[in-house]
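First up is the structure itself, then whatever we jot down about it.
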Amino acid sequence: MNILLLGSGGREHALAWKIRQSKKCNSLFIAPGNPGTASCGTNVALSPNDFDSIASFCKEKQIEMIVVGPEDPLVNGIYDFIKSNSETSHIVVVGPSKQGALLEGSKAYAKAFMQRHSIPTASYKEFTKENYNEGVEYIRAHSLPIVLKADGLAGGKGVVIASTHKEALETFSSMILSSQFGAAGDKVVIEQFLTGVELSVFALTNGEQFVVLPEAKDYKRIGEGDTGPNTGGMGAVSPVPFADDKFRGKVLSQVVEPTIKGLREEGIVYKGFVFFGLIKVNDEPFVIEYNCRMGDPETEVVMPRLDSDLIDLFLAMEQGSLDQEMIKTDSRAAATVVVVSGGYPGEYEKGKKVNGMDRSWGSDTLPFYAGIQLKGNDLVTSGGRVLAITSYGTGLQDAVDKSLKEIEHIQFEKMNFRKDIGYEFR
Ligand code: AMP
Ligand code: GLY
């Protein structure tokens, strides 16, 4: 098959690496990709949100499958666009319809969906300008801490956990009255704070059947010991030791099955990944959020641990035979350590020359590229998250240690990374 993968981060490098291993993959194109994906296929200078150009490219290269990495093309409706054009409607699109992507694109929509289908989640209420004063009263009467979420996509920055009523009221006002997050904050979900440990569970579904991939845990805070501001993710591990068979059983019966059943009952077209952001509260799973794509950096540990052929899974998704697929998992642990630009997630400089990439890596290590570009013959930084260095290990400790050892050879000005990924399990 000729396959087009959309996106340019570490997640897409890991997906490209995995797709390339399939015998069914003939040509692989990545739009726009990065220097890492270029070793798995051909990068194409196209924006994942330029649907017209993507459709033309698909016709020109006889693309048979589009795999969508990031959320924004999905929320913008790429599935519906490709399917509604008679010249591209035959293409398998791995990613939900615009309606399905609302599970990530609107937090209020996701919360209402969970309520309709009795899926465990924090109690909540939604507010807009119209019922602003009610929101103020709701906050004043609410226990602390209190969680405020801008309804729409806000690049991972739309969630504020306020520890005082004053902070909550200020956040509420800046989201709704001062449009801090633009239109994404016109509606705000205010919800109960849940205390527990988080993990990410991934399913591939066609809206009827599903398979569950290896679970992962990501480390969102910039600082060691989970301190400081949230980032896109500073590292991830898989498996997650506290996700034992009993807990996994609960995730399946209380979260995954009712979600897929809900999609089916509501006639929502959904062929792609569902990312369940979960929190374990007293041994019970609660949904913190849905995403309509794979996680980053979780993909950088999930794909290495997936032994099944990914294209076979995508074809089974399309053909309605996912229920006959058994997910084969590598028994080794995997960990990824994300190397970021100094200053990230705040202001940071780009264009720093990255040294140490042109070497033979340890046999258990997979260096995934993210915010990095080729400038002449040099690799230079081009984003906050620059690299995700994944390693296999006999256990999580071993895997993290191997990645840290490899990172010793990498150098760029002001580089930063966490040395404590997986710390609770070591
Ligand atoms: P999100 O952008 O939805 O992934 O949220 C960012 C982070 O905020 C999550 O990973 C959680 O750590 C935290 N969070 C979100 N909602 C809640 C909640 N109801 N209770 C506790 N923590 C939460
Ligand atoms: N690592 C969290 C995310 O991809 O949203």
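We count ligands from 1, going down the list as the structure has it; atoms in each ligand are counted the same way. Just so it is clear, the model here is predicted, and its values are computed rather than measured.
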Among protein heavy atoms, which sits nearest to [atom], and what does the distance come to when rounded to 0.1 Å?
| atom | value |
| --- | --- |
| atom 23 (C) of ligand 1 | Ile288 CD1, 3.7 Å |
| atom 7 (C) of ligand 1 | Asn230 ND2, 4.1 Å |
| atom 1 (P) of ligand 1 | Glu289 OE1, 3.5 Å |
| atom 13 (C) of ligand 1 | Ile161 CD1, 3.7 Å |

Classify the contact between [X] and ligand 1 as side chain, backbone, both or neither, using a heavy-atom distance cut-off of under 4.0 Å.
| X | value |
| --- | --- |
| Leu194 | both |
| Lys107 | side chain |
| Ile279 | neither |

Any ion pair linking [Y] and [X] (charged N to carboxylate O, less than 4.0 Å)?
| X | Y | result |
| --- | --- | --- |
| Glu298 | Arg11 | no |
| Asp151 | Lys149 | no |
| Lys217 | Glu424 | yes |
| Lys129 | Asp186 | no |
| Glu257 | Lys261 | no |

Under 4.0 Å to a heavy atom of Lys149 - the qualifying atoms of ligand 1, by number: 15 (C), 16 (N)
Nearest candidate to atom 8 (O) of ligand 1, where distance is taken over non-hydrogen atoms, out of Ile146, Thr121, Val160, Val159: Val159
Minimum non-hydrogen distance to atom 12 (O) of ligand 1, winning option of Lys220, Glu191, Glu198: Glu198
Any donor-acceptor N/O pair, Arg332 side chain to Arg305 backbone, under 3.5 Å: no
May I have a table of the N/O to N/O pairs between ligand 2 and the protein that fall below 3.5 Å, each row giving the two atom names and the distance to 0.1 Å?
unit_1: ligand 2; atom_1: 1 (N); unit_2: Asp218; atom_2: OD2; d: 2.7
unit_1: ligand 2; atom_1: 1 (N); unit_2: Asp296; atom_2: O; d: 3.0
unit_1: ligand 2; atom_1: 1 (N); unit_2: Glu298; atom_2: OE1; d: 2.8
unit_1: ligand 2; atom_1: 1 (N); unit_2: Glu298; atom_2: OE2; d: 3.4
unit_1: ligand 2; atom_1: 4 (O); unit_2: Arg293; atom_2: NH1; d: 2.8
unit_1: ligand 2; atom_1: 4 (O); unit_2: Asp296; atom_2: N; d: 2.9
unit_1: ligand 2; atom_1: 5 (O); unit_2: Arg293; atom_2: NH1; d: 3.3
unit_1: ligand 2; atom_1: 5 (O); unit_2: Arg293; atom_2: NH2; d: 3.1

Ring centers of Tyr132, Phe127 separated by less than 6.0 Å: no
Check: Phe51 ring centre within less than 6.0 Å of Phe81 ring centre: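 Aromatic pair counts; centres sit under 6.0 Å.
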Where at least one partner belongs to residues 29-51, residue pairs that pass salt bridge (charged side-chain N to carboxylate O under 4.0 Å, His left out), sequence neighbours excluded: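 As it turns out, there is no salt bridge (charged side-chain N to carboxylate O under 4.0 Å, His left out) pair with a partner in residues 29-51 once direct neighbours are skipped.
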Close approach of Lys157 to ligand 1, heavy atoms, under 4.0 angstrom: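 Distance cut 4.0 Å: Lys157 fails for ligand 1.
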Arg426 and Asp420: CA distance, side-chain angles, deciding distance, side chain to side chain contact (heavy atoms under 4.5 Å, CB included) verdict: CA-CA 9 Å; Arg426 297 206 256 154; Asp420 71 337; 4.3 Å; yes
Intermediate values then yes/no, salt bridge (charged side-chain N to carboxylate O under 4.0 Å, His left out), Arg418 and Glu224: CA-CA 6 Å; Arg418 275 179 63 170; Glu224 291 183 0; 5.9 Å; no
